[in-house]
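Structure, as structure tokens:
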Amino acid sequence: MPISADDLPRIEQEMQKIVEEKIPIERLELPAEQAKEKFTRLGQKYKVEMIDDLVKNEGVSSVSLYKQGDFIDLCRGPHLPDTGKVRAFRLLTTAGAYWRGDENNPMLTRIYGTAFFDEKQLTEHIERIEEAKKRDHRILGKQLGLFLISNAVGPGLPLWLPKGTIIRIELQNWLQEELFKQGYQFVFTPHIGKVDLYRTSGHYPYYEHGLFPAMEVEQGQAYLLKPMNCPHHIQIYLSAPRTYRNLPLRLAEFGTVYRLEQSGELSGLIRVRGFTQDDAHIFCTPEQLLEEVESCANLAKMVLETVGLNDYRVRIGLRDPDSSKYTGSTENWDLAEDNIRQVVRKLQLDYTEEPGEAAFYGPKIDFITKDCIGREWQLGTIQVDYNLPERFNLEYIGPDNAPHRPIMIHRAPLGSLDRFIGILIEHYAGAFPLWLAPVQVAVLPVSEKSAEYAQKVLKHLRDAKLRAEVDTSPDKIGAKIRRWTMEKVPYMFIIGRREVVNETVSVRKRKIGQVGTFQLTEVIELLKIERDSRGSKEAFADAAGG
RNA sequence: GCCAGCGUAGCUCAACGGUAGAGCACAGCUUUUGUAAAGCUGGGGUUGUGGGUUCGAAUCCCUCCGCUGGCUCCA
């Protein structure tokens with residue numbers, strides 16, 4: 001009999017009763033054999049399995065049990081001394097979970113709940129969750145008209161609306177500028193490629209379950225939607241002879257890739273089936289590797305800090321020693337893992353090492369952040385790869401006039417533009433800084449009498465490359481302000497008779513309110529500075545309301 | 001893919017076996033307005049899809065599609 005969320009109130013009531021009864025909880029330690037017998041008798045096959053595993057894997061001879069009334073449970077503990085010590089709790093949701101996290105095992109029902117020392121803390125916690133949900137990028141994306149996921153096109157395939165597209169373009173321009181400065185070269189490659197290309201790379205058939213099915217075009221000629229850009233970029237590397245003199249070669253592309261994520265995994269912009277990576281592949285010599293990885297890590301850091309995503313963690317993904325899913329030699333892996341460690345240490349990044357989190361061709365540094373309900377997602381990534389150069393037989397001529405094998409770095413500071421913007425929407429709660437805001441200034445004429453001047457103001461703003469719109473609706477000024485407040489525009493220029501006469505605008509800043517009346521040319525200069533500083537300099541930052 | 005829940009107008013939601021409704025948005029008219037919602041009128045729905053039960057289904061049952069929260073997966 002499956003448990004659903006509807007059953008939770010009844011379970012809570014029952015729990016409350018047990019709390020009130022103040023049942024003592026008693027710890028006992030039994031030899032594994034006896035405990036096994038007990039649970040076998042109770043028909044608790046999973047507990048029996050646990051005990052067997054504890055004995056086998058951890059060599060324990062006895063296990064701890066907790067007894068509460070006539071209920072007895074296998075648990076490492078510790079437990080409260082009695083059930084009366086439980087204070088404020090609430091059951092939240094139910095979910096299926098595979099036994100021991102293995103999808104080949106049966107699915108059990110898991111009940112999620114939370115507990116606090118008092119009712120007030122519990123209520124506050126629930127309110128915080130509710131508040132956080134209002135930042136959800138799926139809700140804000142709809143409200144603000146940023147993107148759309150249409151079932152007619154397909155699940156997990158976002159369509160970017162004009163306003164969302166502006167955010168993408170701004171991010172791309174910013175990054176492109178930065179990469180040109182750092183010596184990257186941009187390329188453009190097709191969205192499909194022959195299956196054989198991915199056989200060589202090792203993606204196929206290893207990732208076949210995660211690929212859109214191959215398209216057979218001519219007899220024996222099958223193509224795949226590309227799940228990665230690297231094989232394409234490798235072909236560009238191979239298109240000309242390379243020497244140590246023109247390495248590192250840094251090939252960048254905003255490359256759109258397609259991965260057939262499981263249907264239950266899809267989630268707004270954050271987990272999709274088609275997305276655009278701010279991808280690049282760096283081909284370098286062993287001597288150049290550390291410096292290149294370091295500048296990639298610095299770039300990823302800089303990107304996150306610019307948008308104020310300071311609450312991130314760094315993970316080093318290493319291979320799982322017990323798994324055979326990896327390609328390449330042990331020596332190369334050791335080398336690559338060591339390179340990566342050196343860089344994070346040098347940059348003094350706070351990091352954790354996690355075996356089993358590597359890509360199949362190499363270890364990686366991931367930059368991980370959280371969404372509005374606390375789920376962790378990978379944004380930027382840097383991967384050191386000795387293996388694809390081998391699989392594709394990449395070479396360069398060294399100073400000794402002999403061929404050598406380059407090392408590849410796969411890196412994407414934002415990761416996926418789609419996911420990154422999803423996280424950004426939640427981070428800013430839809431209130432984007434001036435440089436990213438789809439509409440930067442709303443020009444609000446008080447009445448039709450100032451409509452003509454409004455058009456003039458609009459022209460000046462647009463000449464300054466500020467994204468502006470005039471609200472020509474017949475509404476009263478209060479209604480217009482409300483509408484654009486809900487649109488979360490950073491600035492409103494309110495213009496009535498007084499402003500028309502003096503060539504001024506009354507400036508209203510998001511979150512602050514009215515900041516005063518200024519010459520049009522003067523405000524535009526201030527806004528240009530704020531926009532070009534990407535948020536580090538803010539006009540009217542210390543202005544009082546009123 | 002798996003477990004549970006959900007799917008009603010463009011949006012947010014109501015109706016929960018007896019003729020499908022509200023607010024916002026939209027259109028028209030009146031108002032020409034000074035810093036978070038002017039008034040009136042109007043258009044808009046095969047209740048996600050296909051089937052079933054019933055005199056009668058948005059409502060109950062099944063299929064599929066999609067979404068949500070988890071699990072698994074994540075190059």
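Quantities reported herein were computed from a predicted structural model and do not represent experimental measurements. Lettering follows sequence order; numbering is per chain, from 1.
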| Step-by-step side-chain contact (heavy atoms from CB on, under 4.5 Å) determination, A/E127 to A/T123 | CA-CA 6 Å; A/E127 278 166 8; A/T123 317; 3.8 Å; yes
| Do other residues, nucleotides or ligands put more than 12 heavy atoms under 6.0 Å from the CD atom of A/E452? | no
| said: Between C1' on B/A37 and CD on A/E487, what's the gap in Å once rounded to a whole number? | reply: 15 Å
| Whole-angstrom distance between B/A9 and B/A22, as gauged at atom P | 14 Å
| note | Of the candidates B/U33, B/A75, B/A37, the side chain of A/A479 sits closest to B/A37
| query | How far apart are the closest heavy atoms of A/L269 and A/P158, and which atoms are they? | reply | CD2-CB, 3.6 Å
| field | Closest listed nucleotide, where the reference is the side chain of A/N151 and the choices are B/G66, B/C71, B/A75 | value | B/G66
| Can you find a side chain N or O atom of A/R138 that sits less than 4.0 Å from OP1 or OP2 on B/G66? | no
| query | For the pair made of CD1 in A/I481 and C1' in B/G34, what is the distance, rounded to whole Å? | reply | 8 Å
| remark: Testing B/A4, B/G70, B/C65 for proximity to the side chain of A/T94, the answer is B/A4
| query | A/D279 CG to B/A75 C1': how many Å, rounded? | reply | 11 Å
| request: Would you mind reading off the distance between A/Q143 atom CD and B/G10 atom C1', rounded to a whole angstrom? | output: 14 Å
| request: Would you kindly give the CD1-to-P distance between A/I111 and B/C71, to the nearest whole Å? | output: 15 Å
| Candidates B/C71, B/U31, B/G34 - which lies nearest the side chain of A/A97 | B/C71
| Is A/Y112 stacked on the base of B/G70, with ring centres under 5.5 Å apart and planes under 30° apart? | no
| Does the distance from a Lys or Arg side-chain N to an Asp or Glu carboxylate O, for A/R100 and A/D102, drop under 4.0 Å? | no
| query | Which part of the nucleic acid, if any, lies within reach of A/G202 when heavy atoms closer than 4.0 Å are counted: base, sugar-phosphate only, or nothing? | reply | nothing
| Got a salt bridge between A/E376 and A/R315, using NZ or NE/NH1/NH2 to carboxylate O under 4.0 Å? | no
| Ionic contact status for A/R319 with A/E337, cut-off 4.0 Å | yes
| Base, sugar-phosphate alone, or nothing: which one does A/Y206 contact when heavy atoms must sit under 4.0 Å apart? | nothing
| request: Considering just the side-chain nitrogens and oxygens of A/R419, establish if one lies under 4.0 Å of OP1 or OP2 belonging to B/C74. | output: no
| Any luck finding a side-chain donor-acceptor pair between A/R498 and A/T517 under 3.5 Å? | no
| task | Just call it for A/L444: base, sugar-phosphate, or nothing, with non-hydrogen atoms closer than 4.0 Å on any strand. | result | nothing
| note | Testing B/A75, B/G34, B/A36 for proximity to the side chain of A/T485, the answer is B/A36
| task | Please determine if a side-chain N or O atom of A/K133 lies less than 4.0 Å away from the OP1 or OP2 oxygen of B/G69. | result | no
| query | Is there a donor and acceptor pair, one atom on the side chain of A/R271 and one on the base of B/C74, closer than 3.5 Å? | reply | yes
| Canonical and wobble pairing (Watson-Crick, G-U, under 3.5 Å) of RNA chain B, dot-bracket with | | (((((((..((((....[..)))).(((((.......))))).....(.(((..]....))).))))))))....
| note | A/R482 atom CZ is separated from B/A38 atom C1', nearest whole Å, by 14 Å
| If you check every side-chain atom of A/R110, which of B/A4, B/C74, B/C71 has the closest atom? | B/C71
| Just to confirm, is there a sub-4.0 Å distance from OP1 or OP2 of B/C2 to any side-chain nitrogen or oxygen of A/Y98? | no
| field | Whichever of A/I495 and A/R483 has its nearest RNA chain B nucleotide further upstream toward 5' | value | A/R483
| Nearest-angstrom distance, P atom, B/C29 to B/G70 | 50 Å
| Would you say A/R498 reaches B/G34's phosphate, i.e. side-chain N/O to OP1/OP2 under 4.0 Å? | no
| request: Scan A/S201 against the nucleic acid and name what it touches under 4.0 Å (heavy atoms): base, sugar-phosphate only, or nothing. | output: nothing
| query | Counting any heavy atom closer than 4.0 Å, what does A/P155 reach on the DNA or RNA strands: base, sugar-phosphate only, or nothing? | reply | sugar-phosphate
| request: For A/I149, report the nucleic acid contact type (base, sugar-phosphate, nothing); a contact means any heavy atom under 4.0 Å. | output: nothing
| request: Sticking with atom C1', work out how far B/A25 lies from B/C67, rounded to a whole angstrom. | output: 23 Å
| field | Whole angstrom value for the distance that separates C1' of B/U35 from NZ of A/K480 | value | 12 Å
| query | With sugar-phosphate meaning primed atoms plus P, OP1 and OP2, does A/G478 contact a base, only sugar-phosphate, or nothing at under 4.0 Å between heavy atoms? | reply | sugar-phosphate
| query | Any idea which of B/A38, B/U32, B/G34 is nearest the A/E448 side chain? | reply | B/U32
| query | Heavy-atom distance under 4.5 Å between the side chains of A/L8 and A/L92, does that happen here? | reply | no
| said: Just N and O in the side chain of A/K142: are any of them under 4.0 Å from OP1 or OP2 of B/U12? | reply: yes
| said: Check the phosphate of B/U33 against A/K449, side-chain N and O only, distance under 4.0 Å to OP1 or OP2. Yes or no? | reply: yes
| C1'-based separation of B/G69 from B/U33 [nearest Å] | 48 Å
| Base, sugar-phosphate alone, or nothing: which one does A/L211 contact when heavy atoms must sit under 4.0 Å apart? | base
| If the P atom of B/G51 is compared with that of B/A15, how far apart are they to the nearest Å? | 28 Å
| query | Would you say a side-chain N or O of A/R100 is under 4.0 Å from OP1 or OP2 of B/C71? | reply | no
| field | Whichever of A/Q378 and A/Q262 has its nearest RNA chain B nucleotide further upstream toward 5' | value | A/Q262
| query | Is the gap between the ring centers of A/H410 and A/Y361 under 6.0 Å? | reply | yes
| message | Need one value for A/I494: base, sugar-phosphate or nothing, where a base atom within 4.0 Å counts as base even if backbone is also close, heavy atoms only. | response | base
| remark: The nucleotide from B/G70, B/A75, B/A4 with an atom nearest the side chain of A/M228 is B/A75
| message | If I take atom CG in residue A/D7 and atom P in nucleotide B/A4, what distance separates them, rounded to the nearest angstrom? | response | 12 Å
| message | Counting only heavy atoms not in A/R10 (residues, nucleotides, ligands), do more than 12 fall under 6.0 Å from its CZ? | response | no
| Do A/Y207 and A/F360 have ring centres separated by under 6.0 Å? | yes
| So what does A/K226 touch, heavy atoms closer than 4.0 Å: a base, only the sugar-phosphate, or nothing? | nothing
| message | Looking at A/E499 and B/G34, is any side-chain donor or acceptor paired with a base atom of the opposite kind under 3.5 Å? | response | yes
